[in-house]
Asks: 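Below you will find the structure I want to go over with you.
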Amino acid sequence: MPAPHRPVDSRPSLPAMEESVLERWRERDVFRASVTRREGSPPFVFYEGPPTANGRPGSHHVLSRAFKDIFPRYKTMQGFAVERKGGWDCHGLPVEIEVEKQLGITSKDDIERYGIAEFNARCRESVFTFLEEWDRLTERIGFWIDLEDAYRTLDSEYIESVWWALRQIWDKDLLYEGHKVVPYCPRCGTALSSHEVALGYRDVVDQSVYVRFPVVSAVGPISNGDSLLIWTTTPWTLVSNAAVAINPELTYARVEIKGDDGDEIVIVAEALVERVVGEGARILDRFLGSAIEDTKYDPPFSFIAGEEYGDRGHTVLAGDFVTAEDGSGLVHTAVAFGEDDYRLGAQYGLAVINPVKLDGTYDERIGEYAGRFVKDVDEDLVKALRDSGRLWRAQDYEHAYPHCWRCSTPLLYYAKPSWYIATTKIRDQLMAANETVNWHPEHIKHGRFGKWLEGNVDWALSRERYWGTPLPVWRSEAGEVMCIGSFAELEELSGVAVTDPHRPYVDDITFAHPQSGNEMRRVPEVIDVWFDSGAMPFAQYHAPFENQDVFERRFPADFICEALDQTRGWFYSLLAVSTLVQGESSYKNVVCLGLIVDEAGQKMSKTKGNVVAPWEVIDQHGADAFRWYYFTSKQPWDGYRFSVDAVGEGVRQFLLQLWNTYAFYVLYANAGEVVPGPVEQQPADDLDRWIISRLNATTEVVAERLDAYDATFAGRAIAELVDDLSNWYVRRSRRRFWDGDLVAFATLRHCLVTITQLLAPFCPFITDEIYDNLDGSEASVHLCDFPTVGVRDEVLEVEMAIARETVRLGLKARGQAKVKVRQPLGEAVIVAVGKEREAIERMADIVREELNVKALRFVSGADELGSLEIKPNYRSLGPRFGNQMPAVAAAVAALDTAQVGAALREGREIGITIDGQDHTIGSDDLLVAMAPLEGYEVEREGSHAVALDLTLDADLRCEGQAREIVHAVQSARKNAGLAVEDRITLGLAGDGGLLDAARTHEAYVSGETLATAISFDDDQGTVGVVESTTIDGAQLRITITAVAPA
RNA sequence: GGGCGAUUAGCUCAGUUGGUUAGAGCGCGUCUCUGAUAAGGACGAGGUCCCAGGUUCGAAUCCUGGAUCGCCCA
C-alpha cells in the first residue's frame, strides 16, 4: 500500500515550497476558478487603488497588497463573488519628471521644443517601465488580482468616462474657471492641488523682516512721519506691496522709541508691543484699527507706482483675517501672492499686479532684479531695505514651507487663472457621505479625514502640463465655453473622430460654436491625476458608455485599502467624485495602513540606504512570512518598525510550528499507513473534544474579527490555536499516534485541514500545500468554503486551562526541588476546591503524566500546605460599595480565614458590618489565595497549590534509571540516523545498577526504543553503533543494530 | 500656530466597561523535556506604564496642562 501522503521535510525551505504552490496555481488556474465558482453569488466589491508602475515596488507596496488580498480571499471563501480588477495610474507630473530626466531637459520650453507628441509617447512608455517587476511581485506575494484585465487611466475609454464625469459636474454648474492664488511650482510651471501641496512641506529657514512704512497722509490719532511696522517672511513680495491690512477690531498702539539716531514713532498691535519693540518703549496712544483706516504710506520699493493699484493703493485697509498672534498686527498685502491678499484686493478693487513671470523670475518692471529667481533675491532686498533705513529688524525664521512634491522647488503663492470644482458647495454632502463610511481605525472618520472635509476648499483641477487627461473644455475668443462629455459629441461638433484623446492631438480638434459659429478651441490644461483615479468606479468599466450594468452592480465598493497618506489623495478623490456624480460615497469600508520605518524608527529612503527590498524578505523567508508579519505583528495603522529579522521571528514562532505539526502527522500517518475516517463530532477522549472545541472557538473569533476588518486579532487567534495544537494536543497525544489510534489521527487531520481553511486568506501558500497533501478534495484550499462554527465545550476548555495551570505549578515545584521530570515521584498533593478540584480530577491522567507522579492526592483545605489568605474582590465589591471600599477592605481583613474558608466550601455567605449596616458577601466577592508556608515544597497560585512528595524508594529510583536509559538510547538512535519506525536490537553494558534497572523494566525499555531484543552481555559479537554515556555518574555502553524490515 | 495619532521591559508589541501583584514574544542567564519541531516547559534578571496636576474608595486606562516623535494642515 502506498503512503497516504507525500513525505514532508521537517526543515523545509518555505520560499521553495511557495514557488511550487505558485506553479500548481498556474496549472490549475486556481484564481480564476475561485472567482468563477462564485458567479451569481452576492458580490463583495473591492476597488484597487491604482499604483503608478514607473518606479520599483517597495516593501510598503507589499503591505497594502497583503491587506488588499486577505479580505477578498476571505469573502470569496464565505461565498461571495469577489471580482478583483487591477488598475494602473498612468498620468501625471511624476511621469513627466521621469521622462524629463531621461531626456536631460528641465522646463516646459524644453518639452515644447522637443515636441508634445513625442514627449507624451515617451511618457506612455515610461509608465510601464517596471510593469514586469510589479506583475512578478504581485504574483509572488499571492496578491490575487486580475492584471490581464486591469484598467489603465491612459486608455481612451477611461478618459472618455472621465470626460463624462466632468460634464456631469459642469452641468451642475460646479466646474468653473477662477482667478485664484494658488500654490505654484515655477520649475514645473503648474499650479498644485492642495493635496499635492500637502506632500511637500519641509522645514526651512527664511529671512523674516520687520519693515517701516512711513505714513504720508495720516488718518486718526497718528501723524505723518510715524512708521507702520509690518512683518513678512517673504521679502520678495515687498516689491509689489499694494496695501497694508489691519484688523479694525484690534487695538493698536502708537509707540515712541528712543534711539541713538533720534527718536521715532511706530504703529504696532498693542498686544505685540513688547515682542516687536522690546523694552524702553513708551506707548503714546491706543486706538482701534478702524481709526487709522485709509491712512496713506510710502511703500518700501518704488518699482511700481501706487496709482497702478488703483485708488486704494498704498493705504491701510481693514481685513478680518489679521490677528495679533505673530508679526506686528499690520499685514503687508501683495495682491498676487497670497490668498488673503487676493481676497482683500478684490474687496477693495485693487488691481492684480504680478511682476513675477511663470518661471519664478521678476519681469522687467523690477529693474535691477529683473530676471532673477525671486527666492534668491530675498537677501539682496533685505540689504536694500537696510540701506534705505526701512529695515527695522531681520531674523532667521524657521517654519514649514511647501515645496513641489516632485522637484523640491519652493512653491510660490501666485494669482493665476485655473479651473476649479466647487467642492465647497457640496461640503455638507461630502460630510454626509463620510458618515456612511466605516473607517479602520475609527478615529480617521471624524479626525483626520472629517476635519479635512470641514476645511474643504474648491478642488483646483487644472494643470498646465502635457501628460494627463485633457480638460474637455472648448472656448471661443468671444468667451463662449462648452464642456464636452463624450467622443461622439466632439466628433459630431467637429467632424473629427477622436483617435487619441491625449495632447497634442486633441488640441487640434476645433469646431464652430453651434449658435454663434465662432471657432472653439480646447483650453490648454490637463487635469489633476487624482481626478482620474477618483473616477475609477465607473471609468474602469468605461461606464456609462459601456457596462453600465456592471458598474451599477459594483458600486459602491465594500472595501478599499490604502496607506494613510491617501487621506487627502485617493480616499478624498474617490469620495469627492462619487459625491459629485453619484451623490454618495463610493466605498463602505476603508482600512488605512501606516508608514513603514526601519528598525531605528527612521523613514525608509533611498538616500539613507535603509530601504528593505521586498525580494530580500521573500527570498529569505517567503511571502507567507511577509504577509503574516504585516497582519499580526501589530495593528496596521500605526506603522511598522520593519526589518528582515522581524519577519523571521514569525516564521520560527508560527509557520514552522504549524509546518512541523503537519510533518508530524504525515510522518506517522505514512509510517502506520493510516487513513483516518471523518472526525467524530463528540469523540470520547477529552483531549480530542478539547482541541475540537478550541478549533470551533477559534473559527468563531476569526470570522468575527475578519468581518470587522481586523486581521491582526484574527491572526493571533489562529496562532494561539496552532500553539495549543502543537504544544499541548500533539504533545499529550503522541503515544496514541504511534499506537495508530484512528480517532487521534482523524482529530489531528481535521484540525490541520480546518486551520488551513482559516488561515488561507492570511498565508495562501503554506495552507494550500498542507491542504493539498492532507485533503485535496478541492483543487486548492482557496476553493473551499470558510469553516463554519461547530459545537463548543466551554466547560472543558476551562477545565483544561486549570489542568495546565496545575501542571505548571507542579513543574515549578520540581524545578525548585531540582528533581528532574524523568525521575518518577510517588505523589503530588493538590489543594483545590470546587470547580478547580473537579477539573483536576477529570484531567488527573494528564496531570499525573506531565508531572511524572504515581498518584494525585487532594486536600480540600489549606490544612496541610498552608493557610488561606482572603482578599476583597474589588471588581465586584467596588461598584456595590463605592467610597466605602476602604471600610469593606478592613472588614474583610478582619475576618477569620478558617471560618470563611469553611463557609465558602459549604456555599454559605459571609456577613460584614459597614458603618453600622449589615451586608452579606458571597464567594464571588472574595479572592481566596494560599498563604505561603515555610519549609514545604509547595507552589501556589490563587486558590490552588501543588506540593510534591520528594521521598524516593528503591522502586522509584529504579524506574527513574530505566527512563534515563531509554532517554540515552533514544539519543543514540537519533545520532545513528535511524528513522522513528526502525526496529533495533539493543546491547547494554556497564554499571550493574543500571543494568538491573533495565532488566527490571525490560518490557518498557524495549517498547520505548523499538528494540526487538535486548542483550546484557558485553558488546561481544554485535555489529552496530556503539555509544557510551554516564547516568548519575554510572557508566552505560549502548550498542544499537538496526533490524532489517521484515 | 492648529488638527490627528503615538509614547508600557534592552527590542517588537498586548493590556477588556477604571478594580489594587501591568503581561506576551524575542534577546540574556540557570535548569529542564524530547519517537515531530532550529521547537517546547519552569525559573530568574529586566518597568518612576513619557512628565506634572486633577477626578475617584481605586488610574497604564478618564480629564487638564506639558514634553518627545510621526503624519497632516496653516
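Source: prediction; values computed, not measured. Chain letters run A, B, ... following the sequence lines, proteins first and then strands; every chain starts at 1.
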Asks: Do Phe745(A) and Phe737(A) have their ring centres less than 6.0 Å from each other?
Replies: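 Yes, ring centres under 6.0 Å apart.
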
Asks: Does Glu1008(A) contact G35(B) through a side-chain donor or acceptor facing the base, at a distance under 3.5 Å?
Replies: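 It does, because a donor-acceptor pair links the side chain of Glu1008(A) to the base of G35(B) below 3.5 Å.
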
Asks: When syn is taken as a glycosidic angle within 90 degrees of 0, is G44(B) syn or anti?
Replies: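 Base orientation: anti.
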
Asks: Aromatic ring centroids of Trp659(A) and Tyr662(A) under 6.0 Å?
Replies: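 They qualify: ring centres under 6.0 Å apart.
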
Asks: Contact class for Gln970(A) (heavy atom, under 4.0 Å): base, sugar-phosphate, or nothing?
Replies: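 Answer is base: heavy atoms of Gln970(A) come under 4.0 Å of a base.
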
Asks: Just name whichever nucleotide pairs with C62(B), Watson-Crick or G-U, keeping both distances under 3.5 Å, else none.
Replies: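 Base-paired to G54(B).
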
Asks: Of the candidate nucleotides G70(B), G35(B), A42(B), which contains the atom at the shortest distance from the side chain of Arg448(A)?
Replies: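 Nearest to the side chain of Arg448(A) among the choices is G70(B).
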
Asks: For Trp738(A) and G35(B), say yes or no: do the ring centres fall under 5.5 Å of each other while the ring planes differ by less than 30°?
Replies: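 Stacked: ring centres under 5.5 Å, planes under 30°.
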
Asks: Using the side-chain heavy atoms of Arg822(A), tell me which of these nucleotides is nearest: U34(B), A36(B), A14(B).
Replies: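 Within the option list, the nearest is U34(B).
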
Asks: In whole Å, what is the span from the CG atom of Leu877(A) to the P atom of C57(B)?
Replies: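 To the nearest whole Å, that distance equals 16 Å.
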
Asks: Does a donor on one side chain and an acceptor on the other come within less than 3.5 Å for Asn852(A) and Gln823(A)?
Replies: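 There is no such pair between these side chains.
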
Asks: How would you label the contact of Thr1009(A) with the nucleic acid (heavy atoms, under 4.0 Å): base, sugar-phosphate, or nothing?
Replies: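 Answer is nothing: Thr1009(A) stays at 4.0 Å or more from every strand.
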
Asks: Tell me the partner of C13(B), counting only Watson-Crick (N1-N3 plus N6-O4 or O6-N4) or G-U wobble (N1-O2 and O6-N3) with both under 3.5 Å; none if nothing fits.
Replies: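 Looking at the geometry, C13(B) pairs with G23(B).
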
Asks: Is it possible for you to check whether Arg716(A) lies under 6.0 Å from the centre of the six-membered ring of Phe713(A), through NZ or CZ, and within 45° of that ring's axis?
Replies: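 Yes, Arg716(A) sits over the ring of Phe713(A).
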
Asks: Which nucleotide sits closest to the side chain of Tyr668(A): C57(B), G35(B), U32(B)?
Replies: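 Out of C57(B), G35(B), U32(B), the nucleotide with an atom closest to Tyr668(A)'s side chain is G35(B).
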
Asks: Reckon Arg734(A) has a side-chain N or O less than 4.0 Å from the OP1 or OP2 of A36(B)?
Replies: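 True: Arg734(A) side-chain N/O within range (under 4.0 Å) of A36(B) OP1/OP2.
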
Asks: Of the candidate nucleotides G5(B), U12(B), A14(B), which contains the atom at the shortest distance from the side chain of Gln635(A)?
Replies: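 Between G5(B), U12(B), A14(B), the one nearest the side chain of Gln635(A) would be A14(B).
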
Asks: Establish whether the base of U37(B) is bridged to the side chain of Arg731(A) by a donor-acceptor pair shorter than 3.5 Å.
Replies: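 Such a pair does not exist between side chain and base.
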
Asks: Taking OP1 and OP2 of C33(B), is either one under 4.0 Å from a side-chain nitrogen or oxygen of His967(A)?
Replies: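 Negative; the distance criterion is not met.
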
Asks: What is the pairing partner of A42(B), taking Watson-Crick or G-U wobble pairs with both distances under 3.5 Å in any strand?
Replies: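 Because both required distances fall under 3.5 Å, A42(B) counts as paired with U30(B).
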
Asks: Is any side-chain N of the basic residue among Glu1008(A) and Arg973(A) closer than 4.0 Å to the acidic one's carboxylate O?
Replies: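 Judged by the 4.0 Å cut-off on N to carboxylate O distance, Glu1008(A) and Arg973(A) do not form a salt bridge.
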
Asks: Are OP1 or OP2 of C57(B) and a side-chain N or O of Asn883(A) less than 4.0 angstrom apart?
Replies: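 Indeed, a polar side-chain atom of Asn883(A) lies that close.
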
Asks: Report the nucleotide, chosen from A36(B), U32(B), G70(B), that has the shortest atom-to-atom distance to any side-chain atom of Leu595(A).
Replies: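 It is G70(B).
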
Asks: Taking Ser726(A) for the side chain and Asp723(A) for the main chain, is one N or O donor matched with an acceptor at less than 3.5 Å?
Replies: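 Here the side-chain-to-backbone pair does not exist.
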
Asks: Is Arg963(A) touching bases, backbone alone, or none of the nucleic acid, heavy atoms closer than 4.0 Å?
Replies: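 The answer is sugar-phosphate, as Arg963(A) gets under 4.0 Å only of primed atoms, P, OP1 or OP2.
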
Asks: What is the nucleic acid contact for Val730(A), judged by heavy atoms within less than 4.0 Å: base, sugar-phosphate only, or nothing?
Replies: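 If one applies the 4.0 Å heavy-atom cut-off, Val730(A) turns out to touch a base.
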
Asks: Identify which nucleotide among C72(B), A36(B), C33(B) has an atom closest to any side-chain atom of Arg568(A), counting heavy atoms from C-beta outward.
Replies: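 Shortest atom-to-atom distance from the side chain points to C72(B).
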
Asks: Does the structure show a Watson-Crick or G-U wobble partner for C4(B), both distances under 3.5 Å? Name it, or say none.
Replies: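 For C4(B), the partner nucleotide comes out as G70(B), under the 3.5 Å rule.
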
Asks: As a test of reading the structure: which of G3(B), C43(B), G5(B) is closest to the side chain of Lys451(A), going by heavy atoms?
Replies: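 Of the candidates, G3(B) comes closest.
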
Asks: Salt bridge check: are Arg804(A) and Glu850(A) linked by an N-O gap of less than 4.0 Å?
Replies: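 No, Arg804(A) and Glu850(A) are not salt-bridged.
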
Asks: With RNA chain B as reference, determine whether Gln823(A) or Lys634(A) sits nearer its 5' end, using the nearest nucleotide of each.
Replies: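 Of the two residues, Lys634(A) wins.
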
Asks: Can you measure Asp723(A) atom CG to G25(B) atom P for me and round it to whole angstrom units?
Replies: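 Distance, rounded to whole Å: 9 Å.
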
Asks: Please give, in whole Å, the distance from U32(B) P to Asn852(A) CG?
Replies: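 One finds 15 Å between P of U32(B) and CG of Asn852(A), rounded.
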
Asks: With sugar-phosphate meaning primed atoms plus P, OP1 and OP2, does Ser726(A) contact a base, only sugar-phosphate, or nothing at under 4.0 Å between heavy atoms?
Replies: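 Counting heavy atoms under 4.0 Å across all strands, the contact made by Ser726(A) includes a base.
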
Asks: Indicate, with a heavy-atom threshold strictly under 4.0 Å, whether Tyr413(A) touches base, sugar-phosphate, or nothing.
Replies: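 Counting heavy atoms under 4.0 Å across all strands, no contact is made by Tyr413(A).
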
